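These notes concern the structure reproduced below.
Numbering of ligands and ligand atoms starts at 1, following listing order. A quick note: this is a predicted structure, and the numbers were derived from the prediction, not measured. In what follows, every heavy atom counts, from backbone to side chain, and hydrogens, waters and symmetry copies are set aside.
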Amino acid sequence: MINIQRNYPLKHYNSFGLEATAQLFIETNESQELFNTLNSYNIDLNNLFVLGTGSNVLLKEPLLQTVIHPVNTDFGVIEETNDSVLVKCGAGKNWDEFVEWTVDNGYGGLENLSYIPGSVGAAPIQNIGAYGAEVSLCLESVSVIDLSTCQQFMVSRDKCRFGYRDSIFKEPTHKHWLIWEVYFLLDKDPRINLSYTPLKKEFPIGYFPGIQEVRKAVIRLRQSKLPDPIELGNAGSFFKNPVVSACNASLLQEKHPEMPTYYHEPGTVKIGAGWLIEQCGWKGFREGQVGVYPRQALVLVNYGGASADELLNLAGSIVESVKKTFGIKLETEVRIL
Ligand code: FAD
Ligand code: EPU
């Protein structure tokens with residue numbers, strides 16, 4: 001199946017709910033059809049974008065030339081041993097529906113990543129993470145299509161250069177790579193991960209929950225903290241938690257002992273950006289149709305009808321004030337297209 005639309009509205013393809021249009025919108029679940037289309041249309045590769053569900057993008061330009069939206073959703077077990085299963089899933093599958101299926105079948109590894117919006121194909125892009133887990137922990141390999149050559153190849157986990165909200169797929173040299181399928185290695189005898197304190201606190205001391213219970217607790221926590229994009233336009237955390245040297249962090253902690261810090265890599269510390277932004281007085285701030293979510297200062301929201309510039313101006317003011325107050329430069333997590 002391939003569906004090609006001209007001048008296609010993208011309001012429902014970005015969770016900020018911004019108005020934008022794709023001159024050419026290509027929706028497909030067949031790679032060969034996609035190759036044929038790319039060869040027959042005169043597509044400018046520099047103005048070609050891949051969009052999943054748009055839950056991590058800010059559509060800055062009102063007009064995008066070509067958008068490819070993968071809708072291949074097949075998934076299932078392709079290999080099984082006594083301890084593990086190798087599962088393959090198409091890029092277009094809804095991430096949380098896929099996680100729900102893994103949990104229902106008793107396959108452990110993705111339960112802490114429950115209820116993250118988006119598609120399976122986008123999960124490796126920023127190495128989605130939450131509640132003490134990252135997708136790289138269970139990802140085996142990725143099947144990629146290079147849209148500039150129409151070649152399809154596999155990238156194994158060790159070649160993905162995964163980091164905190166980072167991977168090889170974000171590097172500018174790979175901007176023509178479309179993730180087509182993702183392979184996950186999951187445990188048949190799940191190891192429960194309660195390393196994230198707020199998740200651990202959901203269970204009585206000494207209690208060992210199963211993956212179904214972990215999934216439910218994660219969903220509960222997420223619903224209590226984060227706005228539902230269907231009700232309030234947002235793209236989750238707008239900024240990444242900044243990573244600073246351990247030395248810098250301890251100087252800041254002398255002044256602010258309550259500042260949340262997390263171990264990152266040797267010699268570096270991650271700081272809770274939500275806390276930094278809240279300390280600068282932004283939490284609950286609203287101006288016109290944009291604002292900072294009152295329950296989570298890392299989330300910028302569109303109260304309805306906002307423009308990309310309004311959101312970017314607000315983001316710019318937040319970056320400036322955090323820099324001035326703490327000397328830390330926040331970086332955006334959301335991809336600006
Ligand atoms: P899109 O937003 O459509 O795309 C994101 C980027 O990936 C774009 O650069 C796009 O070009 C590229 N892309 C998408 N699909 C493909 C593909 N198949 N091949 C190549 N490139 C592709 N993220 C977390 O990590 N942890 C969280 O806890 C979390 N919570 C969130 C909560 C809320 C309420 C919201 C709205 C977002 C949250 N996010 C979180 C961000 C978002 O859910 C993830 O980044 C998700 O993976 C985005 O999926 P998507 O399909 O919407 O990608
Ligand atoms: N905090 C504040 N004020 C706020 C928000 C947070 O003081 O307004 C403090 C909290 O009290 C806590 C710390 O900051 O001490 C961390 O807060 P939280 O546990 O809510 O997590 P986070 O660091 O703000 C990150 C991810 C989320 C992910 C959660 C849960 C990033 C950029 N964000 O948020 O991911 O769901 O942890 O693991 O790493 C996303 O990427 O879009 C996203 C939502």
Examine [X] against ligand 1 and note whether any of their N/O atoms are separated by less than 3.5 Å.
| X | value |
| --- | --- |
| G54 | yes |
| G129 | yes |
| P117 | yes |
| I179 | yes |
| N234 | no |
| W177 | no |
| G52 | yes |
| I128 | no |
| S15 | no |
| S119 | yes |

Could you tell me whether ligand 1 has any atom less than 4.0 Å away from a heavy atom of G92?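 Outside the 4.0 Å threshold, so no.
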For ligand 1, is there an atom lying under 4.0 Å from some heavy atom of K170?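 So K170 does not count as touching ligand 1.
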Could you tell me whether S237 approaches ligand 1 through its side chain, its backbone, both or neither, with non-hydrogen atoms closer than 4.0 Å?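 No part of S237 is near ligand 1 at this cut-off.
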Closest approach of any protein heavy atom to atom 16 (C) of ligand 1, naming residue and atom: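 Result for atom 16 (C) of ligand 1: V50 CG1, 3.5 Å.
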Of all the non-hydrogen atoms in the protein, which one sits nearest to atom 20 (O) of ligand 2, and at what distance?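 So the nearest neighbour among protein heavy atoms is Q296 NE2, 3.1 Å.
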Heavy-atom distance to [atom]: which of [options] wins?
| atom | options | answer |
| --- | --- | --- |
| atom 21 (O) of ligand 2 | Y196, W282, Y115 | Y196 |
| atom 43 (C) of ligand 2 | S237, G284, P242 | S237 |
| atom 41 (O) of ligand 2 | M259, E333, K225, E258 | E333 |

Atom 11 (O) of ligand 2 within contact range, any protein heavy atom under 4.0 Å: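 Given the 4.0 Å cut-off, atom 11 (O) of ligand 2 does not count as touching protein heavy atoms.
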Where's the contact between [X] and ligand 2, heavy-atom distance under 4.0 Å: side chain, backbone, both or neither?
| X | answer |
| --- | --- |
| F239 | backbone |
| P260 | side chain |
| E278 | side chain |
| Y262 | side chain |

Where ligand 2 meets [X] - atom numbers and elements under 4.0 angstrom, heavy-atom basis:
| X | result |
| --- | --- |
| N241 | 23 (O), 31 (C), 32 (C), 39 (O) |
| R222 | 36 (O) |
| K283 | 3 (N), 4 (C), 8 (O) |
| L298 | 24 (O), 32 (C) |
| A130 | 36 (O), 38 (O) |
| R165 | 26 (C), 27 (C), 31 (C), 33 (N), 35 (O), 39 (O), 40 (C), 41 (O), 43 (C) |
| Y164 | 31 (C), 32 (C), 39 (O) |

Plane angle bin for [Y] and [X] - parallel if under 30°, tilted between 30 and 60°, otherwise perpendicular:
| X | Y | value |
| --- | --- | --- |
| Y207 | F203 | parallel |
| Y13 | H69 | perpendicular |
| F184 | F98 | tilted |
| F169 | F162 | tilted |

Is there a heavy atom of Y293 sitting under 4.0 angstrom from any atom of ligand 2?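 The answer is no, since Y293 has no heavy atom less than 4.0 Å from ligand 2.
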Nearest 0.5 Å, what's the CG-OG1 distance between L34 and T28?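 Between atom CG of L34 and atom OG1 of T28 there are 5.5 Å.
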